[in-house]
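One structure is given here, and the rest of the page talks about it.
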Number of protein chains: 2
Amino acid sequence: MSSRFSSTLTAQCQNCSLSALCLPIALADEDITRLDQIIERKKPLKKGEFLFRQGDAFDSVFAVRSGTIKTFNITSLGEEQITGFYCPSELLGLSGIDTNTYPISAKALETTTVCEIPFTHLEELSSQIPSLKHQLFKLMSRKISDDQQMMVLLGKKNADEKIASFLLNLSNRFKKRGYSASSFRLSMSRGEIGNYLGLAVETVSRVITRFQSNGLVHVDGKEIEILDFNEMQKLIGAPAVCDKIACI
Amino acid sequence: MSSRFSSTLTAQCQNCSLSALCLPIALADEDITRLDQIIERKKPLKKGEFLFRQGDAFDSVFAVRSGTIKTFNITSLGEEQITGFYCPSELLGLSGIDTNTYPISAKALETTTVCEIPFTHLEELSSQIPSLKHQLFKLMSRKISDDQQMMVLLGKKNADEKIASFLLNLSNRFKKRGYSASSFRLSMSRGEIGNYLGLAVETVSRVITRFQSNGLVHVDGKEIEILDFNEMQKLIGAPAVCDKIACI
DNA sequence: CGGGTAGTTGACGAGGGTCAAACTATGTGG
DNA sequence: CCACATAGTTTGACCCTCGTCAACTACCCG
């Protein structure tokens, strides 16, 4: 047990830079220590490696420490459908609780480290620490709200709005953990963006190119800089109106 | 408190026909009794009445006892986006936990009765009854999985597949609670179906009409009968292939 | 009986998917 | 370090699905 504290993977919740965003939010110091004791740090995943596979027995949820994870499921036709991208401090795997089996696969988009949190331990601990239990409920509740926003996006929005929403969403997530909100690196490919947003690769490429020529963003491969937040926001908020303004 | 037991709304979890599907699953009899004591039965909602509104303070989750509830949010453009339909035994309102505010509105599609479950009580009780806590986690986990399936549907499927998925999904839900899987009543309008699935009303109408002329279903207003489950299933599973078969 | 809402059907066009080809990165092994 | 293979990206051309607009019908309720 204590051996891991002497390894190179010893980062603890207490001194983890993500603790203000991650599961430990709103926990007392002593409670964080107890949480910390059930968490295992895994050795880094290389790009393309699986964290877990659809159908695997569910036993843990994971917090991303660095890198990015994508989750996806394989449809009956064998094609992959991406259901989410997970950045540092974000928790994944919660959808496995229901059936005791992960309903999705999770794969690293780049070199990625995660904290593994065995769920039975977490559940036990949550009985003893009410604020942890509440925190878990909140996290799952937020996931439900977020997914519903995503449903709106997929069902109602056009390609421009989808891409703008996607970029601003990433921007917010980077900002929240102290990185630049305007300039960042897309760890996923255009194909993966398209898959996630329900668009063809070509459409993603075309829209991003058009955003660039309209001065909304500056793109260089996977590097992206958002130049005009205002206009991007408008694209999301008021599509029809915005379209007209943009066309004048 | 005990007065409600003498009212006309006294149905209790113990003798509720939905207990095998609803929150009480997997609870011991005495635990069901304790759960039962925090649940309030509300007087029926008439068609069009709100159960709660987007922005209202969150304090309860609700189980539908009879009727149907739709949840939706109002977009920045003022249009409504339906995020779900809730049938008897299904729980709604969980998305309010995160912000202590309902992020969606809930409205009755027909005369509907619900059980109100004050969340703070439920959370307290869940500390004392581990299986109830687990049940709650499972419910939220399932919601997350289901929503992800919905995201796949919205992002990847065409109009035929969307409608077929929707109808089979309803069919399964009716079957699960002992009603006919093949013949039921759509409590929502065509417009609401379209809104939910990201389709125009006209498309919904056309697809359903075409399903009927292809012998997949029989429709009479809101009454629908699924005639060919096999073909419907194929529509969902293997779109391209299926299309070709249907066109021969 | 008239007016309002919900549903159906047709005509048309735009948005975005598909196919194809060129171009650019990123490896990988000799 | 270069040649080649492979994957990812961009761009153009074409076409299909589905949204929009409009007219018409059916139905419900006062």
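Within every chain, numbering begins at 1; the chains are lettered A, B, ... in the order of the sequence lines, protein sequences first and strands thereafter. Note that this is a predicted model, so its numbers are computed, not measured.
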I need the [atom1]-[atom2] distance between [X] and [N], as an integer number of Å.
| X | N | atom1 | atom2 | answer |
| --- | --- | --- | --- | --- |
| B/Asp220 | D/dC27 | CG | C1' | 12 Å |
| A/Asn158 | C/dG13 | CG | C1' | 16 Å |
| B/Asn195 | D/dG19 | CG | C1' | 14 Å |
| B/Leu197 | D/dG19 | CG | C1' | 15 Å |
| A/Leu186 | D/dT9 | CG | C1' | 13 Å |
| A/Glu79 | C/dG17 | CD | P | 13 Å |
| A/Arg185 | D/dG8 | CZ | P | 14 Å |
| A/Leu199 | C/dT18 | CG | P | 11 Å |

Taking all non-hydrogen atoms of both residues into account, name the closest pair between B/Ser95 and A/Ile144 and its distance. CB-CG2, 4.0 Å
Sugar-phosphate only, base, or nothing, as touched by A/Ala200 at under 4.0 Å among non-hydrogen atoms: base
Just to be sure I understand the rule, does A/Gly194 reach a base, reach only the sugar-phosphate, or reach nothing, if contact means heavy atoms closer than 4.0 Å? nothing
Spacing of A/Cys87 atom SG and A/Phe184 atom CZ [to the nearest 0.5 Å]: 9.5 Å
Run through A/Arg185, A/Lys70, A/Lys46 and flag the one making a salt bridge (Lys or Arg N to Asp or Glu O under 4.0 Å) with A/Glu110. A/Arg185
What pairs meet the salt bridge (charged side-chain N to carboxylate O under 4.0 Å, His left out) rule with one or both residues in residues 211-223 of chain B, with sequence neighbours excluded? none
Mind jotting down which residue pairs meet the ring-ring contact (aromatic ring centres under 6.0 Å, His included) criterion with at least one end in residues 211-231 of chain B? Sequence neighbours excluded, please. none
Under 3.5 Å between N/O atoms: give me all the protein pairs with nucleotides 5-9 of chain C, atom names plus distance.
{"residue": "C/dG7", "atom": "OP1", "partner": "B/Arg190", "partner atom": "N", "Å": "3.4"}
{"residue": "C/dG7", "atom": "OP1", "partner": "B/Lys222", "partner atom": "NZ", "Å": "3.2"}
{"residue": "C/dG7", "atom": "OP2", "partner": "B/Arg190", "partner atom": "N", "Å": "3.1"}
{"residue": "C/dT8", "atom": "OP2", "partner": "B/Arg190", "partner atom": "NE", "Å": "3.1"}
{"residue": "C/dT8", "atom": "OP2", "partner": "B/Ser205", "partner atom": "OG", "Å": "2.9"}
{"residue": "C/dT8", "atom": "O5'", "partner": "B/Ser205", "partner atom": "OG", "Å": "3.2"}
{"residue": "C/dT9", "atom": "OP2", "partner": "B/Thr209", "partner atom": "OG1", "Å": "3.1"}

Worked verdict on A/Gln233 versus A/Asn230 for side-chain hydrogen bond (donor to acceptor under 3.5 Å, both in side chains): CA-CA 5 Å; A/Gln233 210 74 53; A/Asn230 250 331; over 6 Å; no
